[in-house]
Q: 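This is the structure I want to talk about, given as structure tokens.
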Amino acid sequence: MRLLFSIGAVLVAGMFAGGDVAGIAAPGPKFEAPRTQPQRLAADKDAQSVDVELILAVDVSYSMDMDELAIQREGYAQAIQSKEFLQALKLGPNGRIAVTYFEWAASSDQKIIIPWRLIDGPETADAVAAEIMKTPIRRASRTSISGAINFAMPLFDEDPYRGLRRVIDISGDGPNNNGGPVTMARDAALEKGIVINGLPIMVKEPSYSTMDIDNLDLYYEDCVIGGPGSFVITIKERDKFKEAIRTKLLMEVAGRTPERPVMRVADKEPRVNCLIGEKIWSDRWGR
């Protein structure tokens, strides 16, 4: 089931429902444990266990202005340090998560800002937030959500930790217009048991120069997100940017969904052309 709701419909305090989101446990390495060290091996295995392996994939295409990029960075850093986030962290069976953060634009343009890091309390959360904030802000051309998903999938194999869930968190302000079709990348991720959530950014009116579309939230719902409990949180007001990011991270860390999400009834026909971004680019530039 996929969920779609705006930030105004979500209350950060007391928003989590009681049921767990179904997750995929990543297989550990295959080996035969020495009989003389069972306790040590069990301890090592527990030390590598986390509640979620979370990839934060953040759009830095030119359609994002510098102010938006700065607010976006601050939003992630402040959310990770927030009291609510640290409380949500404690709700999991392991009380810790693994996070990596990268920025993306074109299909060949992805830059890892934070390699895999363990967050298990205030000190590690502060360290990750500081890393996010100290990296210079950049912008780049084109928008390839498919490239971001394809880049993200192998990162799970490089993660030294093993999570009960694997989640790719995509934020962006426009449809895919570069690289392969976004639905193919999404479906490949779903086949691996990966959940994709979305944060469509709709704080500006769509314009010719930015190649935005006026129903980006529906595009993310129909074409980008997927997997058990996947959801979209839409940002339509600039002053709600940081609140939306915090809400999204709380839900992903705790593995919960809001008690009263604004859910859509599945349509028989897709509401959005998942190749709309490619069509706009082709119509404008003839390629």
Side-chain angles (χ1 to χ4, degrees), residues 1-3 5 10-29 41-57 75-101 114-129 131-132 152 155-171 189 192-199 225-233 243-259 261:
M1 179 183 294
R2 299 178 186 176
L3 308 179
F5 40 112
V10 179
L11 295 178
V12 174
M15 70 178 182
F16 299 123
D20 288 331
V21 173
I24 303 298
L41 290 171
D44 288 345
K45 182 178 179 180
D46 289 343
Q48 300 298 312
S49 299
V50 295
D51 296 321
V52 59
E53 297 172 66
L54 178 60
I55 295 178
L56 303 175
Y76 279 104
Q78 292 178 11
I80 289 170
Q81 294 176 296
S82 70
K83 177 180 66 177
E84 296 88 351
F85 177 89
L86 295 173
Q87 289 175 340
L89 197 65
K90 297 177 182 178
L91 295 178
N94 295 293
R96 55 184 179 263
I97 66 169
V99 173
T100 186
Y101 179 111
I114 309 293
W116 284 109
R117 295 283 187 267
L118 180 71
I119 299 181
D120 58 1
E123 291 186 4
T124 48
D126 289 346
V128 169
E131 279 193 80
I132 291 174
L155 296 181
F156 287 114
D157 298 327
E158 301 171 11
D159 183 11
Y161 302 98
R162 292 295 175 262
L164 302 177
R165 293 172 288 122
R166 288 181 162 183
V167 177
I168 299 173
D169 179 327
I170 299 278
S171 67
K192 295 177 179 292
I194 297 168
V195 173
I196 301 176
N197 296 326
L199 185 76
I225 72 166
S230 58
F231 62 84
V232 163
I233 292 183
E243 180 184 348
I245 292 173
R246 184 174 69 250
T247 300
K248 175 173 58 69
L249 288 183
L250 289 176
M251 291 164 55
E252 288 165 337
V253 168
R256 301 290 192 268
T257 54
E259 292 183 7

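Side-chain atoms are counted along with the backbone in the values below, which use heavy atoms only and exclude waters and symmetry mates.
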Q: Please report the closest heavy-atom contact between A129 and A77, naming both atoms and the distance.
A: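 Closest approach of A129 to A77: CB-O, 3.5 Å.
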Q: Not counting sequence neighbours, which residues clear side chain to side chain donor-acceptor pair (under 3.5 Å) with Q87? List them please.
A: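 Listed in chain order: nothing, the list is empty.
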Q: Work out which heavy atom in I225 is nearest to a heavy atom in G198; give both atom names and the distance.
A: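 Heavy atoms only, the tightest pair is CG2-N, 3.5 Å.
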Q: Salt bridge (Lys or Arg N to Asp or Glu O under 4.0 Å) with D169: which residues, sequence neighbours excluded?
A: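 K248.
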Q: Heavy atoms, side chains only, cut-off 4.5 Å: are I97 and I119 in contact?
A: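 Answer yes - side chains close enough.
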Q: Please name all residues satisfying side-chain contact (heavy atoms from CB on, under 4.5 Å) with T100, sequence neighbours left out, ordered by chain then number.
A: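 For T100 the side-chain contact (heavy atoms from CB on, under 4.5 Å) partners, ignoring immediate neighbours, are I55, I112, W116, L155.
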Q: Which atoms form the tightest heavy-atom contact between A79 and I245, and what is the distance?
A: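 The answer is CB-CG2, 4.1 Å.
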Q: Under the side-chain contact (heavy atoms from CB on, under 4.5 Å) test, which residues partner P122, sequence neighbours left out?
A: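 Scan of P122 (side-chain contact (heavy atoms from CB on, under 4.5 Å), adjacent residues dropped) gives L86.
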Q: What are the two closest non-hydrogen atoms of E53 and F156, and how far apart are they?
A: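 Closest approach of E53 to F156: O-CE2, 3.4 Å.
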Q: Under a 3.5 Å distance rule, please check whether R165 uses its side chain to pair with a backbone N or O of E252 as donor and acceptor.
A: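 A pair under 3.5 Å: yes.
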Q: Can you name the residues that form a side-chain contact (heavy atoms from CB on, under 4.5 Å) with D126, not counting sequence neighbours?
A: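 So D126 forms a side-chain contact (heavy atoms from CB on, under 4.5 Å) with Q81.
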Q: Could you report the tightest heavy-atom contact between S49 and N94, atom names first, then the distance?
A: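 Minimum heavy-atom separation between S49 and N94: CB-OD1, 3.7 Å.
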Q: Got I114 and L56 here, is their nearest side-chain heavy-atom distance under 4.5 Å?
A: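 When only atoms from C-beta onward are counted, L56 and I114 do not touch, as no gap falls below 4.5 Å.
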Q: Quick one: are V167 and N197 in side-chain contact, heavy atoms under 4.5 Å?
A: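 Side chain of V167 against side chain of N197, heavy atoms only: contact under 4.5 Å found.
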Q: Any side-chain heavy atom of V195 sitting closer than 4.5 Å to one from S230?
A: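 When only atoms from C-beta onward are counted, S230 and V195 do touch, with a gap below 4.5 Å.
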Q: Looking at side-chain heavy atoms only, is the closest gap between D51 and V253 below 4.5 Å?
A: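 No, side chains not in contact.
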Q: Less than 4.5 Å apart, side chain to side chain, heavy atoms only: is that true for Y101 and V128?
A: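 They are not in contact (no side-chain heavy atoms under 4.5 Å apart), so the answer is no.
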Q: Keeping R96 on the side-chain end and Q48 on the backbone end, is there a donor-acceptor pair under 3.5 Å?
A: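 No: the side chain of R96 does not pair with the backbone of Q48.
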Q: Between atom CG of L118 and atom OG1 of T124, what is the distance when rounded to the nearest 0.5 Å?
A: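 It is 6.0 Å, given to the nearest 0.5 Å.
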Q: Any side-chain heavy atom of E131 sitting closer than 4.5 Å to one from R117?
A: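 Heavy-atom side-chain distance check passes, below 4.5 Å.
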Q: Atom OG in S171, atom CD1 in I233: separation rounded to 0.5 Å?
A: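 CD1 of I233 is found 12.0 Å from OG of S171.
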